[in-house]
Amino acid sequence: MAKVNKRLAVLVGCNYPNTQYELHGCINDVVAMKDVLVKQFGFDPTNIELLTDASAATGEGPSLMVLPKGENIKAALSKMVSQAEAGDVLYFHYSGHGTRIPKPAHLFGHDEAIVPCDFNLITDVDFRPLINQLTKGASFTILSDSCHSGGLIDKEKEQIGPSTYRAASPLSYKAKNVPFESILEHLTTLTGINTSDVGTHLLESFGANSSLKFLTPQLEPELFDFLKADEGILLSGCQADETSADMNPMESGGKAYGAFSNAVQMVLKENSGRCYFLVPA
């Protein structure tokens, strides 16, 4: 009997309800994407892990909901990668806030990160080892509808979606970005430590579940094998220095959504059978 290749997915939607960082369309994005994966690409629903920070949007009770905390997201991704065999298709969809972490003064540029609901940042340093661990012959697509998402897999060639969106219909939109200064302020209130070093705050709050960027800052980049050839694909809502948008209809009854997530889903539905970034021909 011929082996059947697996199609595995982790979908994460963070709306940050009842906070100053609240978004409105991120859970809608991943719930809609789950429907596309099942109906159009033949994913088994039991092979799709959905993590959101509000159960009402999914219809699932609190006992079934896995919160999109940093630890939970990384555990779900690690589990998915560890299950992969040659020919398998892996997909990670993130809709939520992103941020940029300044590098020390003697270095140039920034590190890109996504912002889980508990603010335990997941950085580009965390995504690269996941891709490198992928079994040869399996593929891993990451779609990030978040600000600064263009650099989420270090040294990966990304496919860029629209960074801005304007529509004639009445829509309000919000950048899916938490400035680094706000990240630092939030973490400082958690730890009570007077330092501008974000790594100190994250290690104090999350310990061994913090990003590899802060757990192993002394390691040389070569140890992570950043330039290894791989089957990773990054679909990003914007360049590393740009913002993505959370769209919220102002009229009653309209559903909020991420501009990039919505655009991708529309293209997939309009080109059924001709889009292979998830399931190669």
Is the closest side-chain heavy-atom distance between [X] and [Y] below 4.5 Å?
X      : Y      : result
Ser205 : Asn120 : no
Ile114 : Thr99  : no
Leu8   : Gln83  : yes
Ile73  : Phe92  : yes
Arg100 : Pro179 : no
Tyr16  : His97  : yes
Leu90  : Asp88  : yes
Leu212 : Pro129 : yes

Least distance between heavy atoms, [X] atom then [Y] atom:
X      : Y      : value
Asp53  : Pro17  : OD2-CD, 3.4 Å
Asp126 : Leu121 : OD2-O, 4.4 Å
Ser261 : Leu143 : OG-CD2, 4.5 Å
Val38  : Pro45  : CG2-CG, 4.0 Å
Asp29  : Gly258 : OD1-N, 2.9 Å
Pro68  : Pro116 : O-CB, 3.2 Å

Assess whether a salt bridge exists between Asp44 and Arg7, defined as any Lys/Arg side-chain N lying under 4.0 Å from an Asp/Glu carboxylate O.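 No, Asp44 and Arg7 are not salt-bridged.
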What distance separates [X] [atom1] from [Y] [atom2], expressed to the nearest 0.5 Å?
X      : Y      : atom1 : atom2 : result
Asp145 : Phe260 : CG    : CZ    : 7.0 Å
Phe180 : Glu185 : CZ    : CD    : 12.0 Å
Glu204 : Asp197 : CD    : CG    : 12.0 Å
Asn262 : Lys255 : CG    : NZ    : 11.0 Å
Met80  : Lys6   : CE    : NZ    : 11.5 Å
Leu235 : Thr141 : CG    : OG1   : 6.0 Å

Go through the steps to decide whether His201 and Leu190 satisfy the test side-chain contact (heavy atoms from CB on, under 4.5 Å), and finish with yes or no. CA-CA 8 Å; His201 293 294; Leu190 296 180; over 6 Å; no
NZ (Lys69) with more than 12 external heavy atoms under 6.0 Å: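 Not buried by this count: 12 neighbours or fewer within 6.0 Å.
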Take Val12 and Ser95 through the test side-chain contact (heavy atoms from CB on, under 4.5 Å) and record every step on the way to the result. CA-CA 6 Å; Val12 175; Ser95 184; over 6 Å; no
Check: Lys74 main-chain N/O paired with Ser78 side-chain donor or acceptor under 3.5 Å: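 Between the backbone of Lys74 and the side chain of Ser78 there is a qualifying donor-acceptor contact (under 3.5 Å).
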Strictly distance-based, threshold 3.5 Å: is any side-chain N or O of Ser210 a donor or acceptor partner for the main-chain N or O of Gly207?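 Present.
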Before giving the answer on side-chain contact (heavy atoms from CB on, under 4.5 Å), spell out for Val89 and Asn5 the whole-Å C-alpha distance, their side-chain angles and the decisive distance to 0.1 Å. CA-CA 8 Å; Val89 172; Asn5 294 327; over 6 Å; no
Audit row: Val36, Phe41, side-chain contact (heavy atoms from CB on, under 4.5 Å) steps and yes/no: CA-CA 7 Å; Val36 170; Phe41 290 97; 4.0 Å; yes
Distance only, no hydrogens: is a donor on one side chain within 3.5 Å (strictly under) of an acceptor on the other, for Ser211 and Thr123?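 Yes.
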So among Ile101, Ile122, Val198, which one has a side chain to side chain contact (heavy atoms under 4.5 Å, CB included) with Lys213?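 By the side chain to side chain contact (heavy atoms under 4.5 Å, CB included) criterion, Lys213 pairs with just one of Ile101, Ile122, Val198: Ile101.
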Taking the ring of Tyr21 and the ring of Phe119, is the distance between their centroids below 6.0 Å?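 Between Tyr21 and Phe119, which both carry aromatic rings, the centre distance is below 6.0 Å.
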